[in-house]
Number of protein chains: 2
Amino acid sequence: MKQIKIGLLGMGNIGTGTYKTLEMNRERITANAGVELVISKILEKDLARKRDVTVTPEQFTQEPADILESPDTDIVIELLGGTEPATDFMLTAMHNGKHVVTANKAAVAANYDKLMGAARANRVMFRFEASVGGGIPILNALTAPLLANEYEEIRGILNGTTNYILTQMAEGGLSYGDALQSAQAQGFAEADPTADVEGHDVANKLSILISLAFGKRVPPEAIPTVGITGLTMRDIEKAAADGGKLKLIALAKRTGGGLEYSVGPTFVPNGHPLAGVRNEFNAIFVKGNAVGELMFYGRGAGPLPTGSAVMGDVIEIARALAR
Amino acid sequence: MKQIKIGLLGMGNIGTGTYKTLEMNRERITANAGVELVISKILEKDLARKRDVTVTPEQFTQEPADILESPDTDIVIELLGGTEPATDFMLTAMHNGKHVVTANKAAVAANYDKLMGAARANRVMFRFEASVGGGIPILNALTAPLLANEYEEIRGILNGTTNYILTQMAEGGLSYGDALQSAQAQGFAEADPTADVEGHDVANKLSILISLAFGKRVPPEAIPTVGITGLTMRDIEKAAADGGKLKLIALAKRTGGGLEYSVGPTFVPNGHPLAGVRNEFNAIFVKGNAVGELMFYGRGAGPLPTGSAVMGDVIEIARALAR
């Protein structure tokens with residue numbers, strides 16, 4: 001059976017989850033891909049970290065070129081996070097004829113045109129399902145089975161940390177500070193939660209969704225963005241009294257005058273499916289002019305859900321290479 | 001630009017919705033498919049019917065061979081419903097090297113192996129996204145972006161008619177008979193609602209989901225199936241008092257001893273997302289060993305949602321042909 005060699009950039013939480021997804025489902029993944037997938041090299045400094053996977057010291061390297069320049073790499077999986085050096089690494093990989101998969105919403109949102117252009121110019125595949133909605137296959141849905149639709153609206157809960165905090169405030173009566181601490185204790189929030197609670201993470205994801213659904217490039221910094229740090233217990237209680245919930249909603253909507261978009265706390269009536277999305281779950285609501293309303297719901301983050309999305313992209317590329 | 005010629009078998013509600021989806025989104029569909037899609041022939045007896053689309057008398061034929069045997073047909077869309085002659089027509093089309101798309105759950109569930117085998121033997125594509133969940137792209141999700149998972153469970157509301165009736169009984173206090181009449185008045189239920197209310201329609205869909213997700217062939221008649229005709233207002237009220245709702249649930253679950261499956265009325269607690277699925281909407285809940293819990297929600301029937309799914313399949317085939 002043909003082998004496809006993968007270079008992994010970064011083996012933190014998501015890298016480990018991706019490795020583990022391949023390891024635990026190897027038989028099924030091989031059958032589905034039609035080729036054998038081998039993670040041959042891993043760029044990672046922290047070799048001492050306990051990881052619940054079988055990885056040998058020989059797989060690790062400190063040298064990006066061992067992956068990006070090696071004739072032995074077919075697919076590069078970029079899981080470093082942050083715009084640089086991640087973008088530079090991805091561009092180099094594509095320039096060298098390697099297909100690229102990433103979960104990095106900051107890099108894709110910031111450098112969408114550059115990355116897509118490089119993929120086209122070098123005739124390689126570039127996929128980033130895991131960058132929006134974690135394990136929810138929303139980008140695939142928008143770019144394949146729903147392609148017979150003109151999209152009218154995309155609306156969703158795209159950040160698990162803030163949705164967890166809002167749920168705990170509404171259901172558990174916790175203050176914002178206590179809910180944030182609880183999110184951090186459970187691993188849903190970073191030590192520095194700024195990107196999540198100020199809405200920047202959501203703006204990155206919405207920028208990517210707008211590019212794919214509406215063919216329009218709106219950089220994240222051009223999206224009016226309000227986070228949840230200004231919300232008080234009184235706001236939450238007011239929403240409950242009015243028969244709904246406050247959710248951090250990303251919205252992009254086609255109107256007569258053009259595209260309308262925003263990220264901010266929004267009142268959602270209890271009858272709407274988005275109101276029932278609790279804790280760290282994400283949900284994305286899509287309206288197409290033929291299909292009507294659809295909702296996609298699932299875990300928006302976490303090592304294995306994200307690993308599922310990353311490996312799904314890898315399988316798609318491997319299948320195309322096997323043809 | 002290359003032309004792909006389509007033969008349409010049947011132009012009732014779904015055929016008209018499919019035609020209309022192509023007509024109203026032609027520009028976008030052509031761009032996405034990379035080829036021009038032309039519906040050249042339509043097998044249909046009822047020429048007098050008012051249809052809200054631009055169709056010429058020359059497009060119609062009464063002769064299956066004009067589509068199935070014609071060198072001018074690239075893709076056959078089968079929307080006749082029922083197992084025969086639909087299955088026979090699809091097999092003939094494949095034998096003649098034509099790719100096939102269908103929305104016909106009865107035919108796919110009854111003749112899954114035969115149809116898949118014919119597609120393989122004749123090296124043609126065979127797609128049936130619209131056969132389960134209407135416009136919800138659930139088959140695509142299971143067979144592409146989620147392929148890195150072992151599926152553990154599939155559970156869902158797969159029939160809009162019965163969900164509408166149960167919702168009206170629970171929320172509107174309607175009796176079963178009145179709710180059924182209301183469903184018929186609104187076009188959600190057939191004059192003879194047996195296949196829906198007795199659960200056979202759901203068993204067909206579950207059989208297809210089991211084939212794709214678990215690689216196991218369970219014919220619909222082998223699935224223990226109970227419909228909703230035995231439910232009384234008292235049952236509905238009892239469920240409400242217990243903090244939940246009765247839903248007609250299709251379930252397939254991997255257990256230590258093998259696969260477990262059933263279709264029947266089930267108590268769903270209000271905290272579960274499936275409890276919030278109202279009226280004619282469908283929702284399918286998937287559990288994968290990496291991705292965890294996902295839910296896909298949308299309109300499970302109707303001419304345009306089904307047309308969206310059918311044309312999505314056609315676009316996928318056209319893209320592959322354009323490569």
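Each chain gets a letter, A, B and so on, in the order the sequences are listed, and its residues count up from 1. Every heavy atom of this structure was used, including side-chain atoms; hydrogens, water molecules and symmetry mates were not.
Of the listed residues (G17(B), G312(B), G298(B), A290(B)), the one with the most heavy-atom contacts under 4.5 Å to chain A is A290(B). Each of P145(A), G134(A), G135(A) has some count of heavy-atom pairs under 4.5 Å with chain B, and the biggest count is that of P145(A). Between chain A and the options R278(B), M311(B), M24(B), the largest number of non-hydrogen pairs under 4.5 Å is found for M24(B). Of the listed residues (N25(A), L22(A), I29(A)), the greatest number of heavy-atom pairs within a distance under 4.5 Å of chain B belongs to N25(A). Between chain A and the options A141(B), G292(B), A144(B), the largest number of non-hydrogen pairs under 4.5 Å is found for A144(B).
Contacts between R323(A) and chain B at a heavy-atom distance below 4.5 Å involve the side chain alone, from C-beta outward. For I315(A), the part lying under 4.5 angstrom from a heavy atom of chain B is the side chain only. The part of R319(A) that comes within reach of chain B is its side chain, from C-beta onward, which places non-hydrogen atoms under 4.5 angstrom from that chain. Both the backbone and the side chain of N289(A) come within less than 4.5 Å of a heavy atom in chain B. With a threshold of 4.5 angstrom between heavy atoms, T306(A) does not approach chain B through any atom at all. Residue E316(B) touches chain A through its side chain alone, counting heavy-atom pairs closer than 4.5 Å. Contacts between E150(A) and chain B at a heavy-atom distance below 4.5 Å involve backbone atoms as well as side-chain atoms. With a threshold of 4.5 angstrom between heavy atoms, F285(B) does not approach chain A through any atom at all.
The environment of CZ in R217(B) is crowded: more than 12 heavy-atom neighbours from other residues, nucleotides or ligands sit within 6.0 Å.
Between P137(A) and N140(B) there is no side-chain heavy-atom pair separated by less than 4.5 Å. Proximity of F296(B) to M295(A): side-chain heavy atoms (C-beta onward) are nowhere separated by under 4.5 Å. By the 4.5 Å heavy-atom criterion applied to side chains, L147(A) and R28(B) are counted as neighbours.
The shortest non-hydrogen separation linking V291(B) to S308(A) is CB-OG, 3.5 Å.
In this structure, the separation between CG on L304(A) and CG on N149(B) is 9.0 Å, given to the nearest 0.5 Å.
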